[in-house]
Every structure is written in structure tokens, then in C-alpha cells.
Peer 1: 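One structure, pasted below without further comment.
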Amino acid sequence: MRLKGLRKKMLCLGLSAAMAAALSGCGGSGERTQGAVQMIGELDYEGALEQLDLAQENGENVRLVDRARGIAYMGLTDYEQAAVCFEEALAGSDGLVQNVDFDLNFYLAAAYTKSQRYGEAEDIYDAVLALRPGAEDAYFLRGNVRLVQGNYEGAKADFDKVISMDPKNYDRLIQIYQVLDYFDHGETGREYLQAALASGDKDMDKYASGRIHYYLGEYQSAYLDLEEARETGGVESYLYLGKSYEATGDYNYAANVYNSYLEKNEGNAEIYNQLGLCEMARGEYRNALNAFQAGMQLQNVTMMQTLSFNEIVAYEHLGDYRQASILMENYLKNYPDDAQAKREYEFLSTR
């Protein structure tokens with residue numbers, strides 16, 4: 001059974017961040033709508049929908065109610081219904097284009113993308129850019145949907161535009177590399193990364209250069225830079241430093257990096273997950289289970305799906321197939337569109 005890593009490559013890498021922002025972006029909404037948003041953050045999507053029905057009955061802002069409904073349906077992986085909700089919210093506009101209309105369009109495009117309605121998603125990004133030609137996110141996301149439709153040249157034009165708008169945004173540069181690599185255009189992505197290193201940017205810190213070296217497969221250069229950045233770059237520096245050592249096969253030192261962070265700082269779900277993956281690679285399955293479960297105990301965990309899946313893998317390696325099967329059944333209730341988990345549940349059911 002394959003583990004789920006720190007980051008899962010997927011179309012529209014910005015979607016998760018946008019979803020998280022939405023959970024705190026409902027200014028002007030009523031009490032029940034706010035409560036529903038909190039329930040969405042806790043993954044209680046059905047409960048949130050019930051609250052939103054009551055919110056509408058109580059006369060709360062119907063556009064924000066429909067917006068929250070759409071986000072809840074996204075959580076339930078019912079992307080078609082989510083699109084309907086976002087469309088209804090947009091239809092409630094008074095004709096004056098407001099920030100919430102752009103927000104809703106981004107969500108509608110995400111729902112279309114998840115429903116494989118890529119052409120419609122691209123049309124939305126076209127419309128957004130016609131009104132806001134400086135919307136960097138729209139260029140990036142349109143590049144995503146163009147790639148999935150096989151329009152490499154159009155996607156590259158969008159990514160070129162994104163980079164030209166903010167050439168020192170190395171986080172976005174790495175996202176572009178990841179998307180291109182996912183769609184078998186990794187060489188183009190590497191050219192972007194190499195150009196950034198060759199640019200002579202004096203403001204590029206060791207954290208940025210270390211990550212770029214990591215994605216170029218230059219792991220020794222990566223960990224040398226990241227060793228310098230680990231005390232100043234925060235949790236991500238530790239993550240990339242550990243992963244660079246993992247890439248060289250030095251799981252012992254990588255585990256020491258993650259444990260070093262945990263000794264000095266509050267718990268972090270990504271660190272716990274990566275530590276668990278390290279322990280799995282070392283064959284220390286009980287230690288791996290403890291790491292995954294420690295990450296799940298933290299508050300406001302944004303990668304609960306990954307940790308939950310990896311917890312099941314650890315139980316399986318420990319030979320506790322009964323517990324793994326019970327947890328997988330519950331996992332599929334929360335994440336019903338995970339095809340890999342469905343296949344694994346069929347296997348566990350036979351053990």
C-alpha cells in the first residue's frame with residue numbers, strides 16, 4: 001500500500017489555499033452562516049448544510065449562504081452541486097461587480113475543474129482577466145486548465161506572464177514547476193528553475209535557492225543551503241532539509257532534522273507526517289504510527305486526509321488489518337473520491 005506524501009501533485013495547486021481562505025472570508029454573514037463555516041473547517045459538511053438551510057430560513061444573506069453551500073459540497077466531492085450553488089450565488093448579484101463576485105467565480109472555476117469541465121473553467125478565467133488583467137492567480141490557474149486540455153503553448157504563455165509579473169515569487173515559480181512536471185513538461189519547469197538560479201538575484205535567500213536545488217535534483221546543494229536557512233526559514237526549511245537528506249537515502253539524519261524541529265517548536269502536522277514517512281522507510285512502523293497520530297491530535301490540521309491515510313498504512317504494516325479496515329471505512333466516508341483508498345479497502349476486506 002502506497003503512502004501519501006507531504007504534498008499530492010494535483011491540478012489547481014492553489015485550490016486548497018483558496019478553500020482555507022474562504023473559511024475565514026465570510027464578512028457580513030449571519031450567525032448560522034458563520035457557524036456553518038466553522039463546521040466546514042471541522043469537515044462536518046452535512047452538519048454545515050443543515051445549518052445553512054436554517055440560515056436561509058432566518059433570512060441571512062442568501063449569496064453568502066449559497067457560497068458556503070458550494071464550499072460544503074466541494075468538501076463532499078459533489079462538484080456538480082457545488083457549481084450549482086456558486087452559479088446561484090452569482091445570479092443573485094445586483095449587477096455591480098464586487099469582490100465577492102470575483103471570489104465566487106474562482107470557486108465556480110474550481111468546481112468546473114473538479115467536474116472535468118475544463119473549457120468552462122477556462123472561460124471563467126478569461127472573463128476574470130478581462131476585468132482584472134493583473135489577477136496573477138487567474139493566469140496561473142488558467143495555465144493549469146489549459147495544460148489538462150493539451151494546450152501546452154497557451155499554458156506556457158500564462159506561466160510566462162505569471163513569472164514576468166512577479167519574478168521573485170519563488171513559491172509560485174515552484175508551483176509552476178510542479179504543475180509542468182505533473183503533465184510531463186518537467187524539462188520546461190526545470191528551465192524556469194535554472195533561469196532563476198542564473199538570474200543573479202542578490203535577494204534570493206538560501207531557503208529559496210535550497211528549494212530550487214531540491215526540485216532540480218541537486219540534493220547536496222539543497223541541503224547545504226537549507227542547513228544555513230533552517231533557523232531562519234521556519235518549518236518549511238526543516239521540511240525541505242529533511243526531504244533533501246531523504247532523497248540521498250539518509251533517513252536517519254532526516255528523522256533527526258524533523259525531531260530537532262519538534263523539540264524546539266510546537267507540533268506541526270507536516271513535520272509529523274514527514275517524520276512518519278521517514279520511520280516507515282526505516283521499517284520502524286510503530287514509530288511511524290505514533291508520528292501520524294501525533295499530527296492528527298493537533299488543532300486545525302489542514303492535512304488530516306493525508307495523516308489519516310498514512311495511519312491506516314502503518315496499521316497495515318503492523319499486521320493489524322482489522323483496525324486498518326475499520327479506519328479505512330471511516331476514511332472513505334470523509335473522502336469518498338479517493339480511488340486508491342477504495343481499492344485498498346477492498347483488499348483489507350479480504351484479510
Side-chain angles (χ1 to χ4, degrees), residues 1-10 13 16-17 170-175 177-178 181-182 186 189-190 193 196-197 204-298 300-314 317:
M1 183 175 180
R2 186 178 179 182
L3 290 160
K4 290 186 184 262
L6 179 60
R7 288 183 172 81
K8 180 181 178 182
K9 290 181 180 177
M10 63 180 185
L13 291 168
S16 296
Y170 299 116
D171 292 334
R172 179 51 56 85
L173 179 66
I174 288 170
Q175 286 182 326
Y177 163 77
Q178 290 175 309
D181 187 53
Y182 181 78
R190 284 188 287 274
L193 297 179
L197 285 177
M204 181 187 293
D205 59 20
K206 294 296 184 180
Y207 171 56
S209 62
R211 286 184 298 158
I212 291 173
H213 282 301
Y214 172 80
Y215 284 108
L216 287 171
E218 300 166 354
Y219 302 120
Q220 184 176 7
S221 295
Y223 66 65
L224 289 174
D225 281 353
L226 291 164
E227 283 284 6
E228 291 187 43
R230 80 149 94 184
E231 299 303 333
T232 58
V235 63
E236 290 288 325
S237 292
Y238 281 84
L239 283 166
Y240 277 98
L241 177 60
K243 289 165 67 178
S244 297
Y245 281 110
E246 286 184 65
T248 68
D250 193 345
Y251 296 106
N252 289 331
Y253 194 84
N256 287 337
V257 170
Y258 302 134
N259 280 314
S260 174
Y261 177 86
L262 293 170
E263 289 170 2
K264 301 175 184 177
N265 303 276
E266 293 183 3
N268 177 277
E270 289 181 293
I271 289 284
Y272 276 121
N273 184 64
Q274 206 63 32
L275 175 60
L277 295 176
C278 244
E279 297 291 4
M280 291 288 286
R282 298 168 62 195
E284 300 291 343
Y285 304 120
R286 179 61 62 181
N287 290 344
L289 177 62
N290 291 339
F292 297 137
Q293 291 179 336
M296 294 168 67
Q297 295 301 312
L298 300 175
N300 302 318
V301 176
T302 59
M303 56 182 303
M304 185 62 76
Q305 180 176 1
T306 297
L307 288 162
S308 298
F309 187 93
N310 289 345
E311 178 193 28
I312 295 167
V313 178
H317 278 285

Peer 1: Answer yes when Glu246 and Lys243 have at least one side-chain N-carboxylate O distance shorter than 4.0 Å, and no when they do not.
Peer 2: no

Peer 1: Taking Asn256's backbone N and O only, do any of them form a donor-acceptor pair with Ser260's side chain (distance below 3.5 Å, no angle check)?
Peer 2: no

Peer 1: Would you mind reporting whether Leu197 and Leu216 have side-chain heavy atoms less than 4.5 Å apart?
Peer 2: yes

Peer 1: So, do Asp181 and Tyr215 sit near enough that their side-chain heavy atoms are less than 4.5 Å apart?
Peer 2: no

Peer 1: Supply the atom-to-atom distance Lys206 NZ to Ser221 OG, rounded to the nearest 0.5 angstrom.
Peer 2: 9.5 Å

Peer 1: Measure the acute angle between the ring planes of His317 and Tyr285, then classify it against the limits of 30° and 60° as parallel, tilted or perpendicular.
Peer 2: parallel

Peer 1: So do Tyr253 and Thr248 actually touch side chain to side chain, heavy atoms under 4.5 Å?
Peer 2: no

Peer 1: For a 4.5 angstrom cut-off between non-hydrogen side-chain atoms, does Tyr214 reach Tyr219?
Peer 2: yes

Peer 1: When rounded to the nearest 0.5 angstrom, what is the spacing between OH in Tyr272 and CD in Gln297?
Peer 2: 10.0 Å

Peer 1: So do the side chains of Phe292 and Phe309 get within less than 4.5 Å of each other, counting heavy atoms only?
Peer 2: no

Peer 1: Could you tell me the separation between the CD1 atom of Ile212 and the CG atom of Asp225, rounded to the nearest 0.5 Å?
Peer 2: 10.0 Å

Peer 1: Identify the two heavy atoms, one from Leu226 and one from Leu241, that lie closest to each other, and give their separation to 0.1 Å.
Peer 2: CD1-N, 3.7 Å

Peer 1: Between atom CG of Leu239 and atom CZ of Arg230, what is the distance when rounded to the nearest 0.5 Å?
Peer 2: 12.0 Å

Peer 1: Search all heavy atoms of Ala269 against all heavy atoms of Leu298 and return the closest pair with its distance.
Peer 2: N-CD1, 3.4 Å

Peer 1: Against the six-membered ring of Tyr207, is Arg211 placed for a cation-pi contact (under 6.0 Å from the centre, within 45° of the normal)?
Peer 2: yes

Peer 1: Any side-chain heavy atom of Arg286 within less than 4.5 Å of one from Glu279?
Peer 2: no

Peer 1: Less than 4.5 Å apart, any side-chain heavy atom of Glu227 and any of Tyr245?
Peer 2: yes

Peer 1: Do you know which two heavy atoms are closest between Tyr177 and Gly189, and how far apart they sit?
Peer 2: CD1-C, 3.5 Å

Peer 1: Taking side chain as C-beta onward, heavy atoms only, is Tyr238 less than 4.5 Å from Lys264?
Peer 2: yes

Peer 1: Test side-chain contact (heavy atoms from CB on, under 4.5 Å) on Leu275 and Leu262 and set out the steps.
Peer 2: CA-CA 10 Å; Leu275 175 60; Leu262 293 170; 4.0 Å; yes

Peer 1: Between Met204 and Ser209, what is the shortest heavy-atom contact and its length?
Peer 2: SD-CB, 3.8 Å

Peer 1: If you round to the nearest 0.5 Å, how far is CE of Met304 from CG of Asn273?
Peer 2: 11.5 Å

Peer 1: Would you name the heavy atoms of Ala255 and Arg282 that are closest together and state the gap between them?
Peer 2: CB-NH1, 3.8 Å

Peer 1: Indicate the atoms forming the closest heavy-atom contact of Leu307 with Gly295, along with that distance.
Peer 2: CD1-C, 3.8 Å

Peer 1: Drop me the distance from Leu289's CG to Ile312's CD1, to the nearest 0.5 angstrom.
Peer 2: 11.0 Å

